[in-house]
Amino acid sequence: MTRLSELPAYNKLRAHRAEIEGLHLREMFAADPQRFSRFSLQLDDLLFDYSKNRITSETVGLLTELAQQADLERWIGRMFGGEAINETEGRAVFHVALRHQANTPMTVAGQDVMPAVRTVQQQMRRFVDALHSGAHLGHTGRKLTTVINIGIGGSDLGPQMVSTALRPYWVEAIDVRFVSNVDGAHITEALRDADPETTLFIVASKTFTTLETLTNAKTARRWLVEGLGSEDAVAKHFVAVSTNLNEVKRFGINPQNMFEFWDWVGGRFSCWSAIGLSIACAVGMEQFEQFLAGAASMDQHFRNAPLEQNIPVLLGLLGIWYTNFFGCEAQAILPYDQYLARFPAYLQQAEMESNGKRTDRQGQQITDYQTAPIIWGEPGTNSQHAFFQLLHQGTRLIPTDFIAAANPSTELHDHHQLLLANFFAQTEALMQGKTAEQVHAELSAAGASPATIAQLTPHRCFPGNRPSTALLFERLTPRSLGRLIALYEHKIFVQGVLWGIYSFDQWGVELGKQLAKRIIGELANDGTVPKHDASTNGQIAHYRRLREPSSR
Ligand code: G6Q
């Protein structure tokens, strides 16, 4: 493997970056009436407009050259071929099989996984249908209408984000909630107005050993058994989603109530598996299948489109362009859709846990280029009234992704027009900026004195030339949502390949977990002195002093 920074196209891109330094997007649009059609693509109803980025045709040519030199096409083939490309964990990365539509095999280590995938999907359908029809009732014979998913990280963020996004599709009388934090406040609030007779718990954990999830699941179990006065209630009110049958049994959940998935499904890529059971409970299995089909349409595009017309590839390359050649430290995700409120948080995990790494595939430290930027964002228009100031006039350059549907998910069409007017206005404003001449003219027209004009002009100018990419599609549906998520998943894949890292492990979350396990045993007020650094010891001692006697 040649390091990214040693690829021939990398050096060419550095030189090219210096050449285009002085170019302003405003001028590039003025000079090229074809710029929009040159730098936009359409996949069915999805418009991918990347023309408001600081690129020329040469940039795109060099970036795709870089991707070729990094062997991207071979890596895409390896992922879809079920190869064990997650080498540090010795696993395939095969979430694409979970949404595979054709009647063709998808193999891992010579074995077709599709029969097992379809079997679990059928089991999900039977369960969800029974839940909705009332064929599966609670211990006291009542319908289960509150579904609480207990999981964390990949076993929470995906299902939670998708369920939130698809709120208008929820079947009648269903209420789906999510508990992830080990902070007792989370489960307390989720249970506050819940009725044990009508509550179903989905314990979602790939390993079924995660401290937070098991702690919450035990609390939920106690609440249920106390509420219904019988251990037998667990059978009707608890199901598990896991790869670990033994631990599920040990917890006391009947294996018949377990939905299986496999080690080739990474946690943060698992909402397509039975980890999506809470989504299916919310919207029904047919809509869940539409969600899978939407993702599959992006998989096909990613697998087959040439690099320079490949949306996830281009989105990934734009990120590389800004991170590695402009020194950008952050990437803003701005859905103009309240139902996508959790999408930035979801991508924070997907991108930062996948590509927030400093060791390359050869085990060498990466010292001469950056990997994953900081992902953040909030829905428009709220974000406009909060942090857009920094995007427009701050000292940092922050590339932005604007995401919106042309049609609303509500009846309030007038609201939607206003929302989209802002969507268009913001990408235009970021790109165009406002010159001193414009500010001057505005202030003069408003009757400002020359002194006021001189004082205010520098503050009221916008530099512009701030990049944005727009994703605009017909409507937020299970299908278009599946396609959108798959687009970002593949973007992450592309970037990981180019950065030369393993995107599908997450060793960085281990150390804190190990230390926490050790510290749990040290919190007792038994006179022992914890064996840490002075700061950690001091914090623990202060905590022991402040803690109320009842919790000692
Ligand atoms: C995701 C990570 C991580 C994981 C959680 C929950 O890719 O692996 O976020 O999903 O730690 O793990 P379990 O599903 O095993 O409880």
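All of these numbers come straight from a predicted model, not from anything done at the bench. Numbering of ligands and ligand atoms starts at 1, following listing order.
Salt-bridge formation is detected for the pair E489/R99: a Lys NZ or Arg NE/NH1/NH2 atom is positioned less than 4.0 Å from an Asp or Glu carboxylate oxygen. Under 4.0 Å is where a charged nitrogen must lie from a carboxylate oxygen, and between E351 and K491 at least one such pair does. Salt bridge present: D193 and R177 bring a charged side-chain N and a carboxylate O closer than 4.0 Å.
P399 places none of its side-chain heavy atoms less than 4.5 Å from the side chain of T469. Two residues are said to be in side-chain contact when any heavy atoms from C-beta on lie closer than 4.5 Å; I85 and F493 meet this criterion. A 4.5 Å side-chain heavy-atom check between H95 and F504 finds at least one atom pair inside the cut-off.
In terms of protein heavy-atom proximity, atom 1 (C) of ligand 1 is nearest to E353 OE2, 3.1 Å. Protein heavy atom in closest approach to atom 12 (O) of ligand 1: T210 OG1, 3.5 Å. Nearest non-hydrogen protein atom to atom 4 (C) of ligand 1 is G154 N, 3.8 Å. Of the protein's non-hydrogen atoms, the one nearest atom 8 (O) of ligand 1 is Q506 CD, 3.5 Å. Of the protein's heavy atoms, I152 O, 3.5 Å lies nearest to atom 5 (C) of ligand 1.
Nearest to atom 9 (O) of ligand 1 by heavy-atom distance, out of Q349, E247, R268, is Q349.
Set against the non-hydrogen atoms of S155, the atoms of ligand 1 under 4.0 Å away are 10 (O), 13 (P), 14 (O). Interface atoms of ligand 1 facing S205, defined by a heavy-atom separation under 4.0 Å, are 13 (P), 14 (O), 15 (O), 16 (O). The distance from ligand 1 to the heavy atoms of G267 drops below 4.0 Å at these ligand atoms: 1 (C), 7 (O), 10 (O).
Not a single donor-acceptor pair under 3.5 Å links the side chain of Y50 to the backbone N or O of L315.
Judged purely by distance below 3.5 Å, without hydrogens or angles, the side chains of Q300 and N304 pair a donor atom with an acceptor atom.
Considering backbone and side-chain N/O atoms, K206 comes within less than 3.5 Å of an N/O atom of ligand 1.
With a heavy-atom cut-off of 4.0 Å, T207 touches ligand 1 through backbone and side chain alike.
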